[in-house]
Engineer: 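Structure in C-alpha cells, see below.
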Amino acid sequence: MTATTSSGLAPGNSLYPDDLNLRTPLASYADPSEVPVGSGPLGQLSTTSPFAPPAGTGIRDENDMVCKKGDTPFSSKIAGSGSYTMDASLPYSLSWNGMAAGTGVVISGGAYGVNTDDLTDFAATLNSAADWLEDALDLALACLAEVRSLANRPVVFTSLNPDDPLGLRSDTKSGPMFPGDARSRVNAYTFVERINAEAALTTLTSGAGSLDDAVSSLRTLATDVISAGTTYTDAESAANGDWVSVPRLLSWGMSSLGAIPGATELGTVVAAISVLTMNGVVGPDGFEDILQGMQMVVADPMLDDWVNTDLMVLIGLAVWAQQAKTGLESTTVEAYIGQVVAELDPAISRVLPDQVQVGSRRVNTSFLTPMQRVAYYLAVRAEQFGENQYGAPTGVTVTPHGGSSVTVPTGVQDPFGLKTAVPAVAAAGMLPPSSGNAPQPGTAADVIRYCADMKGRDDDVSSGVVSILRTDHADGTTSWLVAVPGTTDWGSGDTNPQDLLTNLQAVSGRPSDMEAAVVTAMRQAGIAPEDKVGLYGHSQGGITAVNVAADPAVNRQFNITNVLTAGSPTAGADLPDNVNALHLENTGDAVPALDAAATPRTRTRTVVTIDTHSSGFDGYPHAPQIYADAVDGIGGNPQIDQWTEELAGITGASEDGAQTTEIVFDITRDSTESPWEQMARKTGKRG
C-alpha cells in the first residue's frame, strides 16, 4: 500500500517517517524481543509501553496466575485491553488472481493494526513539528530582510589589479581593498556573497520544498491523520452495533405468533415422544440424538426461562441461518447467542463450583466468559445424559492404521492423556512405508481439501478419525501436520467422540476426549519436542486444534508453530505468541458464531472473513469444500503469505528431497454397555 496525503507526501519523502506504516506486517516471532524496530504502527512496542498489547493475557495455573479475584475475565482481555487494541485492527478487502467470482474476502488482525490514540498522538507531533519549522521560517525571513538591506549600502571598490576589480582572485597580493584599509574585506560581505545568500534564503523560505511548504504539508497531513482516526472509530462503532437489533426483531416476530409452547408443555411433548419411541430406539437413525438433546434442555430447571422465551426463537433463527442467503447469518447468530448467554449466566454461575478444569489447569470459574460458563454447565449435563444412554465412559482408544492401539483415560479424567504412557509408533517400527503418493499440502485450500478427503475415506461412523502427515526433510529435520475433521455424530457420549458432547466441552474449555485423542496420536507418531508442528481443524476440529495449541502443558511437550481453522468458534482460546494462526470464517456460516464472541485479532492471529452468498457455491457455507474454493490461491497479504510459507516448510511442499508419510488414526470412546444399547442392538439400530 502506498500511503499518500492530500499534500502528496509519500513514504519515500523525507518528511514521512519510514517506520510509520499503519499496515506494517506483524510477523510471528517466538521471542517478542526479536521483533524488529518498525514492526508496529509506531515502531517497536515495548512490553512496558502503555501502547503495547497485553502480553500473555488469559488464564494460568496457580504457579503462573495472571488473573486474580475481581479481575477482568481472561477472554475479554484477549487482544482488546489497553490503549493499543488489536480489536481496532483495520479490516480491508483482499483480492487475488483466480479468486472465485462473487466472493468477498476481508482480512483483519495478524498483519495490521490501527490505534486511533496513536493517530491522535502522531497528529499532535506533526503539528508540533510544524510549529518548530514555522519558528525557523520566521528566523530565515528575518535573515533575508537583513541581507536585502545591504543592497542599499554603497560600497566603493579599489584594487591593485585592474583585471580583478571585485577582488575575486585568490592571489593574496591583489586582493580586494576597502577604502582606507587595503588588508580588510568589504563590510564582511562581498557583492557576490550577498547575492548568493539572498538566493539561498529565498529558496529556503518560499516555493516548493521550502520551510513554508513543509509547514503547510505537515499541517495538512495532521488534519488527514485526525480525519482517518475519526473514520476508523466511526466505522468500528457502526460495525459493532448494527446487528444488535436483528435478534430482537426476530424475537418480537416469533413472539407475535402467540403459539410458542412453554417449558412445561414442551417437556410433556418430549416425554411422550420418548415413551412412544422407547427413548428413540424405534425411531430412524439419528432421531435418538435429537431426542437426547431435547430431553437435556427441557428437563433442566435452570433452562426453564430460556425455553419459555428463547428456544423457539433460536429454532426459527436456525432455520433462517440454514438458508444462508444474506451473508449476515454469522454475526446475527453471534449477537443472539450472546444475549441469551448473558441472561442464563447469573443462575448457572451460582451452581458451578468455584474452580473448574480447563485443559490441564484448574481455573477460577469467575475467570471464564459467560459463554464458557454456560457451555461448561451444558457439557456436564450432556455427559450425564450420555452416560445414561450409552454407558459410563472408560477411556479413549487411538489406533493407527497398520499399528497397535493405545487406550488413555477420558479427557475429563486425564486431560490430553498426558499422565498415561504412550509408545511411539515410529520407534516401534509400525509406520507404514513411505510413498510418493503422500500429500504435501502447500496452501490453506490444500490442507482443507486433504482433510476432507481423508475424512471421506473413513466410512466407519462409530469412530472418529485424525490424520498426521510426517515430513522428513533433506537437512535431517522432521516436521508434522495434524488434521482434525469436524463433528460427525450429533449425540452425546456414543463411541464416536466427534460428537455434540465434544462441541460443548471444547467451547467451554472442559477437557474432551478428542483433545486427549489428538495429543495421544501426536505422541504415538513420535513427534519430538524440537519438531515443528502445524494443526488444522474444520468446525469442531478447529476448536480442538486451538485448545491443544493453547495449553501450556501441551506446549511444554510439543513445538506447535502454526494453526489453521475453518468454520470454527475459536474465540475462547488464548493462543501463545509463538503460534501463527489463520482463522477462516464465512459470514453465512453460523458455526463460527456459536461461542458468542468474535475471534481475537492479534499480531499472530489473522482472521479471513469470507462472504460467499453471491458466489453460486453449492451447499451450506460451512462445508469444507466451500472454504477451500473460497480461499483457493489466496495471497497478497503479508501475514497470509508468511503463514503459507511456514506451512510449506512444515509439509515439504515443492521442497527437493522432502518425504512425507501419512498416518491415519481411528478414535473410539470406550464405555460400558447400557440397557438402551442392548435394546437398540436387538432392533438392529445403529447408535
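All values below come from the heavy atoms of this structure, side chains included, with hydrogens, waters and symmetry mates left out.
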Engineer: Checking Asp453 against Arg457 for the salt bridge (charged side-chain N to carboxylate O under 4.0 Å, His left out) test, could you report, in this order, the C-alpha distance in whole Å, the side-chain angles of both residues, the deciding distance, and whether it holds?
Structural biologist: CA-CA 6 Å; Asp453 175 71; Arg457 287 182 267 133; 3.1 Å; yes
Engineer: Can you tell me if Asp475 has over 12 outside heavy atoms packed within less than 6.0 Å of its CG?
Structural biologist: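 Yes, the 6.0 Å shell around CG holds more than 12 heavy atoms from other groups.
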Engineer: Run the salt-bridge test on Arg605 and Asp577 with the 4.0 Å N-O cut-off and return the result as yes or no.
Structural biologist: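 Salt bridge between Arg605 and Asp577, a charged N being under 4.0 Å from a carboxylate O: no.
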Engineer: Do other residues, nucleotides or ligands put more than 12 heavy atoms under 6.0 Å from Lys455 NZ?
Structural biologist: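 Yes, the 6.0 Å shell around NZ holds more than 12 heavy atoms from other groups.
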Engineer: Taking the side chain as C-beta and beyond, is there a heavy-atom pair between Thr502 and Glu515 under 4.5 Å?
Structural biologist: no
Engineer: Can you check side chain to side chain contact (heavy atoms under 4.5 Å, CB included) on Asn559 and Val533, steps first, answer last?
Structural biologist: CA-CA 6 Å; Asn559 178 28; Val533 180; 5.5 Å; no
Engineer: Classify the ring geometry between Tyr627 and His622 as parallel (under 30°), tilted (30 to 60°) or perpendicular (over 60°).
Structural biologist: perpendicular
Engineer: Any heavy-atom pair between the side chains of Thr471 and Thr478 that's under 4.5 Å?
Structural biologist: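 They are not in side-chain contact.
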Engineer: So, the side chain of Ser539 versus the backbone of Gly486: is there a donor-acceptor pair under 3.5 Å, distance only?
Structural biologist: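 Pair absent, no side-chain N/O of Ser539 close to backbone of Gly486.
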Engineer: Any chance you could lay out the side chain to side chain contact (heavy atoms under 4.5 Å, CB included) test for Val333 and Leu594, step after step, and finish with the verdict?
Structural biologist: CA-CA 7 Å; Val333 169; Leu594 295 180; 4.2 Å; yes
Engineer: Between Val546 and Thr565, does a side chain to side chain contact (heavy atoms under 4.5 Å, CB included) hold up when you go through it step by step?
Structural biologist: CA-CA 8 Å; Val546 295; Thr565 68; 3.9 Å; yes
Engineer: Compare all side-chain heavy atoms of Leu481 with those of Ile468 and state whether any distance is below 4.5 angstrom.
Structural biologist: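 No, every pair of side-chain atoms sits at 4.5 Å or beyond.
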Engineer: Between Thr561 and Val579, is there a side-chain heavy-atom distance shorter than 4.5 Å?
Structural biologist: no
Engineer: Quick one: does any side-chain atom of Trp643 pair with a main-chain N or O of Asn562 as donor and acceptor, under 3.5 Å?
Structural biologist: no
Engineer: Sort out for me which residue in Val608, Ile634, Val106 forms a side-chain contact (heavy atoms from CB on, under 4.5 Å) with Leu94.
Structural biologist: Ile634
Engineer: Would you say the side-chain atoms of Asp641 pair up with the backbone N or O of Gly636, donor to acceptor, closer than 3.5 Å?
Structural biologist: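 Yes; at least one donor-acceptor contact below 3.5 Å.
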Engineer: Below 4.0 angstrom, N of the basic side chain to O of the carboxylate: do Arg449 and Asp629 qualify?
Structural biologist: yes
Engineer: Between the main-chain N or O of Ala528 and the side-chain N or O of Asp531, is there a donor-acceptor pair closer than 3.5 Å?
Structural biologist: yes
